[in-house]
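All residue numbers in this chain count up from 1 along the given sequence. Keep in mind it's a predicted model, so treat the numbers as computed, not measured.
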Amino acid sequence: MNDDTIHPEAEPVPETIDSPNDPAPTAEARIAALEAEAAEYRDKWIRAQAEMENLRARTRREVEDARLYAVQKFAGDVAETAENLRRGLESLPPAAPDESELLAKLRDGFAGVERSFVAMLERNGIKAEEPVGAMFDANRHQAMAEQETSDAPPGTIIQAWSRSWLLNGRLLKPAMVVVAKAPASPHGSHLDVEA
């Protein structure tokens with residue numbers, strides 16, 4: 001059999017791009033076209049590199065956030081338990097010189113448990129902030145009521161029903177607070193008008 005035979009399955013040989021009627025591109029034009037193509041590929045490569053670096057940085061941030069804040073729901077529940085310990089301690093009658101030894105031991109036991117529990121939370125990035133005396137901050141506090149008083153400047157927190165809780169610096173639970181407001185004027189808001 002002859003090797004010069006054309007098989008129908010064989011791929012056809014591609015035709016040249018330039019037809020015999022087209023003038024051949026000059027060497028300078030060909031070099032300019034190749035340089036433009038190289039610049040385009042270089043630009044694409046630089047953009048891809050920048051995109052990959054941004055992706056790496058974003059992934060690092062997301063992994064770090066996941067590590068720091070993955071326990072947010074659990075931390076909120078634990079913070080609520082710490083608040084309940086505090087409420088239990090505050091529900092006991094104040095210390096008195098003639099109180100029973102059992103009550104004094106109970107109070108001391110609750111206080112010790114609360115101290116060690118809060119210390120354990122702080123070691124793990126969960127921190128309480130006592131808001132009384134601070135200025136109201138809507139990012140950290142939830143105003144439950146306003147109270148007229150001349151003992152504190154308006155906007156000052158005068159009572160806290162609970163503390164603010166933070167997880168690695170991010171708000172976990174806002175403090176529920178009572179905020180001071182200026183006392184109403186003694187004459188009311190109407191003007192005295194003489195006829």
Colleague: Apart from Leu166 itself, what residues make up its hydrophobic cluster when side-chain heavy atoms of I, L, V, M, F, W and Y under 4.5 Å apart count as a link, directly or indirectly?
Modeller: Leu171
Colleague: Specify the closest pair of heavy atoms between Pro93 and Leu103, including all atoms of both residues, with the distance to one decimal.
Modeller: CG-CD2, 3.7 Å
Colleague: If you measure from the Lys or Arg side-chain nitrogens to the Asp or Glu carboxylate oxygens, is any gap between Arg61 and Asp65 under 4.0 Å?
Modeller: no
Colleague: Do other residues, nucleotides or ligands put more than 12 heavy atoms under 6.0 Å from the CZ atom of Arg30?
Modeller: no
Colleague: Kindly give the heavy-atom pair with the smallest separation between Trp161 and Met144, and that separation in Å.
Modeller: CZ3-CB, 3.2 Å
Colleague: Kindly give the heavy-atom pair with the smallest separation between Leu172 and Gly76, and that separation in Å.
Modeller: CD2-N, 3.7 Å
Colleague: Between CD1 of Ile158 and CD of Glu148, what distance do you get to the nearest 0.5 Å?
Modeller: 10.5 Å
Colleague: Would you call Glu99 and Arg107 a salt bridge, taking side-chain N to carboxylate O under 4.0 Å as the test?
Modeller: yes
Colleague: What closest approach, in Å, do Ile157 and Met135 show between heavy atoms, and which atom pair accounts for it?
Modeller: CD1-O, 4.3 Å
Colleague: Determine, step by step, whether Ser162 and Glu80 satisfy the side chain to side chain contact (heavy atoms under 4.5 Å, CB included) criterion, reporting the C-alpha distance in whole Å, the side-chain angles of both residues, the deciding distance to 0.1 Å, and the verdict.
Modeller: CA-CA 9 Å; Ser162 67; Glu80 186 60 35; over 6 Å; no
Colleague: Does the pair Glu53/Arg60 count as a salt bridge with the N-to-O cut at 4.0 Å?
Modeller: yes
Colleague: Taking the side chain as every heavy atom from C-beta outward, state whether Arg170 and Gln72 have any atom pair closer than 4.5 Å.
Modeller: yes
Colleague: Got a salt bridge between Glu51 and Arg47, using NZ or NE/NH1/NH2 to carboxylate O under 4.0 Å?
Modeller: no
Colleague: Once you round to the nearest 0.5 Å, how far does CZ of Phe136 lie from CD of Glu146?
Modeller: 9.0 Å
Colleague: Nearest 0.5 Å please: distance from the OG atom of Ser150 over to the NZ atom of Lys181.
Modeller: 14.0 Å
Colleague: Roughly how far apart are Glu90 CD and Glu83 CD, rounded to 0.5 Å?
Modeller: 8.5 Å
Colleague: Give, for atom CZ of Phe74 and atom CG of Leu167, the distance between the pair rounded to the nearest 0.5 Å.
Modeller: 11.0 Å
Colleague: Taking all atoms of both residues into account, what is the closest heavy-atom pair of Pro183 and Thr149, and its distance?
Modeller: CD-O, 3.4 Å
Colleague: Measure across Gly133 and Thr156 and return the closest heavy-atom pair with its distance rounded to 0.1 Å.
Modeller: O-CG2, 3.8 Å
Colleague: Tell me whether Met176 is reachable from Val132 by hopping between hydrophobic residues (I, L, V, M, F, W, Y) whose side-chain heavy atoms are closer than 4.5 Å.
Modeller: no
Colleague: Less than 4.5 Å apart, any side-chain heavy atom of Phe117 and any of Glu114?
Modeller: no
Colleague: State the CZ-CG distance between Arg56 and Asn54, to the nearest 0.5 angstrom.
Modeller: 10.0 Å
Colleague: Using the test side-chain contact (heavy atoms from CB on, under 4.5 Å), find all partners of Arg42 that sit at least two apart in sequence or belong to another chain.
Modeller: Ile46
